[in-house]
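Computed from a predicted structure; not experimentally measured. In what follows, chains carry the letters A, B, and so on, assigned in the order in which the sequence lines appear, proteins first and then strands, with residues in each chain numbered from 1.
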Amino acid sequence: MQMNFPFLNDLNESQRQAVMYSDGPSLVIAGAGSGKTRVLTYKVAYLLQSGMHPTSILALTFTNKAAREMKSRIAQMVGENTARYLWMGTFHSIFSRILRAEAEHIGYSRNYTVYDSADSKSLIKSIIKELKLDEKVYKPSMIQGRISSAKNSLITPHAYAGNAEQQKSDLHAKVPLLREIYAIYCNRCKQADAMDFDDLLLQTNILFRDHPEILQKYQHLFKYILVDEYQDTNFAQYLIVKKLAESHQKICVVGDDAQSIYSFRGANIDNILTFRNTYPGARLFKLEQNYRSTQTIVNAANSLIDKNSAQIRKTIFSKKEKGELLKVTNVYTDLEEGVYVADTIRTLHRKKQYDYQNIAVLYRTNSQSRVLEEALRKQGLPYKIYGGLSFYQRKEIKDVIAYFRLISNHNDEEALKRIINFPARGIGETTVGKLFDCAQTHAVSVWEVMSDMLKYNLPVNAGTAAKLGNFRELIDSFAAQSGELNAYEMAQSIIKATGILSETFLDRSPENLSKQENIQELLKAIHEFCEEKEKAGEGKFYLIDYLAEISLLTDQDTDQNEDNDKVTLMTVHAAKGLEFKVVFIVGMEEELFPSAFCVENARDLEEERRLFYVAITRAEERCFISYARSRFRNGKTAFSNPSRFLKDIDPQYLDYPQEEVIEKPRTIGNWDRELDMERIRFNGISSGYSFRNESSDSAMMPPPRPAKRLTKISPAETGNSTPQKCDAIPAGTFVKHHVFGIGKVISTSVVDGNAKAEIDFGDKGKKSLLLKFAKLEILK
DNA sequence: GTATAAACACTTTTT
DNA sequence: GTGTTTATAC
């Protein structure tokens with residue numbers, strides 16, 4: 001097909017082929033930084049250009065943000081008026097939309113509530129309580145996880161109870177009643193007209209399974225299907241896509257198996273690995289040129305991911321400059337790590353002219369952010385943190401939204417529980433307990449009980465009954481207004497009439513002030529929503545419309561637009577899809593990265609390695625990796641060894657520290673020795689490093705790199721106030737080390753271009769220290 | 001029923 | 001060090 005599509009010139013050969021092929025199924029393996037988004041956007045534009053109607057194209061992304069960005073780029077190419085009709089969004093948002101339209105077929109209403117994970121956890125908790133089970137055995141978060149993975153694997157409660165393997169596994173986990181909890185949980189969700197995140201996918205599958213005519217309708221509607229980040233799809237998503245593409249097989253999935261990092265959420269890397277079995281005859285396109293990073297970064301990342309067994313082989317290459325080595329730094333404590341990061345950022349900013357916004361600090365867990373944050377703040381460096389509590393998860397915001405929810409769905413019991421006594425109106429725990437018990441025994445909703453307390457024999461006194469009646473009337477009066485007022489007017493009316501407004505205004509404490517601000521922020525956001533939608537001529541924007549819009553938003557999606565020149569702090573997961581000139585990867589320690597939860601299972605370990613791969617490939621020019629010997633964790637200081645992943649990287653791409661070598665190896669018992677041998681065999685290192693004891697880092701580090709360059713020591717890089725040279729401390733000098741104390745220099749030498757000194761620390765023993773690394777104070 | 005203090009346990013990643 | 005749950009006094 002020949003047509004005028006000048007944009008094709010922007011693409012390289014493999015990108016162009018991937019864009020232009022649309023006769024059948026195709027798999028695009030897009031290495032990190034290989035222009036994946038470009039291929040997707042151009043492909044959609046190309047389809048539109050070739051005459052396909054925008055409503056016929058379904059494009060599924062991983063985040064709302066990705067969808068929004070892609071949509072606006074497509075709009076630039078083909079015009080806003082075409083782009084806006086594309087079906088483009090996350091699985092969750094697209095299929096929640098479809099579920100609203102088809103809700104009646106599966107016994108839900110079109111205004112069904114979406115329970116977030118806090119809601120579902122709270123519901124699980126109350127079920128555990130009702131069943132009089134021990135919360136210490138039936139841990140809500142664990143139950144939630146197991147139910148979630150059942151749903152993601154499309155195992156309904158009925159199938160769950162009949163599945164011998166599940167039963168065995170539950171018995172083994174000492175939670176044989178999980179199937180009861182699962183069944184009750186689903187009933188209660190249904191009763192509340194609520195779906196949790198996993199339901200959005202599960203119910204879509206149920207809809208398509210039980211209503212072939214509806215499936216057919218959407219098969220017919222979507223003439224071409226694109227899926228981004230296919231490596232992170234779970235079984236439920238896989239099957240939805242497979243069914244929709246069944247008749248025409250016009251499907252293109254894009255992804256990178258090397259960046260599959262969401263298995264904990266049910267993502268199955270096999271979906272991408274076996275794509276060509278699912279879709280016989282599928283064409284495979286590989287995008288192997290990396291346009292993002294230097295050769296050194298790409299090569300280092302390649303050498304790391306090469307250690308994984310489950311992958312589609314590919315050769316990622318960069319034609320950019322060679323660039324600097326990845327710098328590995330060892331510090332003593334997590335606090336020191338923060339100082340090191342802050343110092344280095346300061347130097348990079350001042351000397352190398354990097355903007356703060358080009359720098360990111362990536363960590364494995366959110367809890368690591370605090371020390372880093374403090375270090376940056378102390379030095380007056382601007383930063384922003386992604387993750388943690390999102391705006392919509394804050395208490396005060398959830399409270400206000402709970403009103404919205406209860407008003408539009410009286411059966412939303414999680415919302416009701418939240419606000420029945422907020423602001424305090426004298427309806428306490430015991431009353432709420434009675435209310436829920438009563439609803440349970442009569443198999444009706446709590447709202448129904450409140451509507452006719454006498455009929456259901458609710459055992460409360462007249463005063464309490466009056467309070468309950470007042471609350472019900474309050475919500476009812478709002479509900480009566482909600483058909484006339486738009487979302488913004490409703491929100492205003494609600495916070496006024498409930499007393500939320502006056503309550504926050506009375507108290508002038510700092511925390512209340514921030515609550516006030518947040519509520520104002522929420523009102524502002526609702527106002528903007530209304531204006532935008534009503535301007536676009538979509539009619540009045542009601543409360544239910546607002547709820548449908550926000551229930552699937554996450555903090556990833558809220559724009560962080562204000563003054564942009566800030567260092568970014570985030571988890572590696574959150575960094576997926578982003579890029580920065582300079583990347584710091586901190587906390588490269590065993591039990592942290594890889595996480596202690598993942599070391600037992602080879603599959604999990606490979607995922608952790610992919611996570612590290614994702615982290616490294618975020619960097620365009622410089623990558624700094626650090627690890628600490630001790631770290632404050634769970635209220636305790638824990639010692640740690642360098643991450644095993646450090647020696648998965650070919651040492652020729654690393655600039656790593658030479659640390660002190662402990663001269664007298666501890667006597668190693670046979671058991672230790674066996675363990676070490678095991679580790680060495682596993683890691684494929686056979687050098688003289690084998691018999692170090694476990695706390696020695698040498699066993700964990702790559703073998704020394706041949707002397708190549710003499711790293712210039714700058715104070716900022718070492719944290720030293722005075723650069724050390726070999727001749728500064730002749731034999732006989734007394735020095736002070738912050739760990740070993742005072743010692744006497746025996747001799748000095750130069751090894752691999754690094755100054756090294758033998759120092760006798762008396763009862764602490766003789767140590768061989770590298771001046772580049774050791775912090776020595778010269779005593780005169 | 002409510003407000004406060006003390007005890008508790010909890011931390012991987014998130015649509 | 002955090003937020004959440006429980007015990008205690010009012």
Side-chain angles (χ1 to χ4, degrees), chain A residues 60-67 89-96 114-118 120-122 125 129 135-136 139-142 144-145 148 151-152 195-201 228-229 232-234 236-237 260-267 334 362-371 373-374 386-390 392-395 421-433 460-461 463-464 467 511 551-557 570-576 587 591-599 604 607-608 610-612 614-615 631-638:
Chain A
L60 298 165
T61 61
F62 193 67
T63 62
N64 293 304
K65 192 177 157 203
T90 60
F91 273 91
H92 291 86
S93 67
I94 294 286
F95 293 107
S96 77
V114 176
Y115 273 178
D116 68 13
S117 26
S120 80
K121 195 171 188 169
S122 151
K125 263 189 191 172
K129 242 179 219 160
E135 271 202 28
K136 305 235 163 65
K139 287 188 179 140
S141 53
M142 176 253 226
Q144 189 178 26
S148 173
K151 286 190 176 183
N152 284 326
M195 295 199 204
D196 65 17
F197 287 138
D198 304 315
D199 275 327
L200 296 174
L201 306 174
D228 191 13
E229 308 281 13
D232 286 323
T233 51
N234 60 34
Q237 292 167 323
S260 165
I261 55 173
Y262 280 96
S263 75
F264 68 92
R265 221 171 64 194
D334 47 351
L362 308 183
Y363 34 81
R364 179 68 242 269
T365 65
N366 273 311
S367 54
Q368 289 166 261
S369 70
R370 223 192 30 248
V371 238
E373 192 183 357
E374 248 156 55
Y386 282 75
L389 268 196
S390 85
Y392 290 104
Q393 284 175 342
R394 297 205 176 120
K395 262 187 233 98
N421 199 29
F422 173 84
R425 48 175 71 86
I427 304 171
E429 225 175 295
T430 26
T431 309
V432 175
V460 291
N461 60 37
T464 309
K467 287 174 192 164
E511 58 209 52
S551 52
L552 297 170
L553 283 189
T554 64
D555 51 325
Q556 301 285 303
D557 303 312
M570 58 167 90
T571 63
V572 183
H573 280 90
K576 193 175 83 160
E591 313 217 308
L592 182 60
F593 202 166
S595 157
F597 294 81
C598 301
V599 290
D604 291 349
E607 175 150 322
E608 291 282 303
R610 291 193 293 269
L611 193 57
F612 189 27
V614 167
R631 180 173 295 277
F632 198 73
R633 279 222 276 173
N634 307 338
K636 274 194 180 126
T637 303

Q: Taking all heavy atoms of A:I261 and all of A:R610, pick out the closest pair and write down the distance.
A: CG2-C, 4.1 Å

Q: Go through B:dC10, C:dT5, B:dT13 for me and flag the one nearest to the A:T571 side chain.
A: B:dT13

Q | Face-to-face contact A:F264 to B:dT13 six-ring, under 5.5 Å, under 30° | A | yes

Q. So which one's nearest nucleotide on DNA chain B is more toward 5', A:K121 or A:D198?
A. A:K121

Q.
Please give me the minimum heavy-atom distance between A:V572 and A:A615, naming the atom from each residue.
A. CG1-CB, 3.7 Å

Q: Examine the base of C:dT2 for any acceptor or donor lying under 3.5 Å from a partner atom in the side chain of A:R370, and report the outcome as yes or no.
A: no

Q: Quick one: label A:F91 by what it contacts on the DNA or RNA (base, sugar-phosphate, nothing), any heavy atom closer than 4.0 Å.
A: nothing

Q) Between A:L200 and A:F95, is any pair of side-chain heavy atoms under 4.5 Å apart? A) no

**Q.** Earlier contact from the 5' end, DNA chain C, for A:F632 and A:E135
**A.** A:F632

Q) Are A:Y262 and A:F62 close enough that their ring centres sit under 6.0 Å apart? A) yes

Q: Would you indicate what A:K636 reaches in the nucleic acid, counting non-hydrogen atoms under 4.0 angstrom: base, sugar-phosphate, or nothing?
A: nothing

(Q) Base, sugar-phosphate or nothing for A:T431? Non-hydrogen atoms, less than 4.0 Å. (A) sugar-phosphate

Q: Answer yes or no: does a side-chain N or O of A:N421 lie under 4.0 Å from OP1 or OP2 of B:dT2?
A: yes

Q.
Let me spell it out: for each of A:F197 and A:C598, pick the nucleotide of DNA chain B with the closest heavy atom. Which residue's pick is nearer the 5' end?
A. A:C598

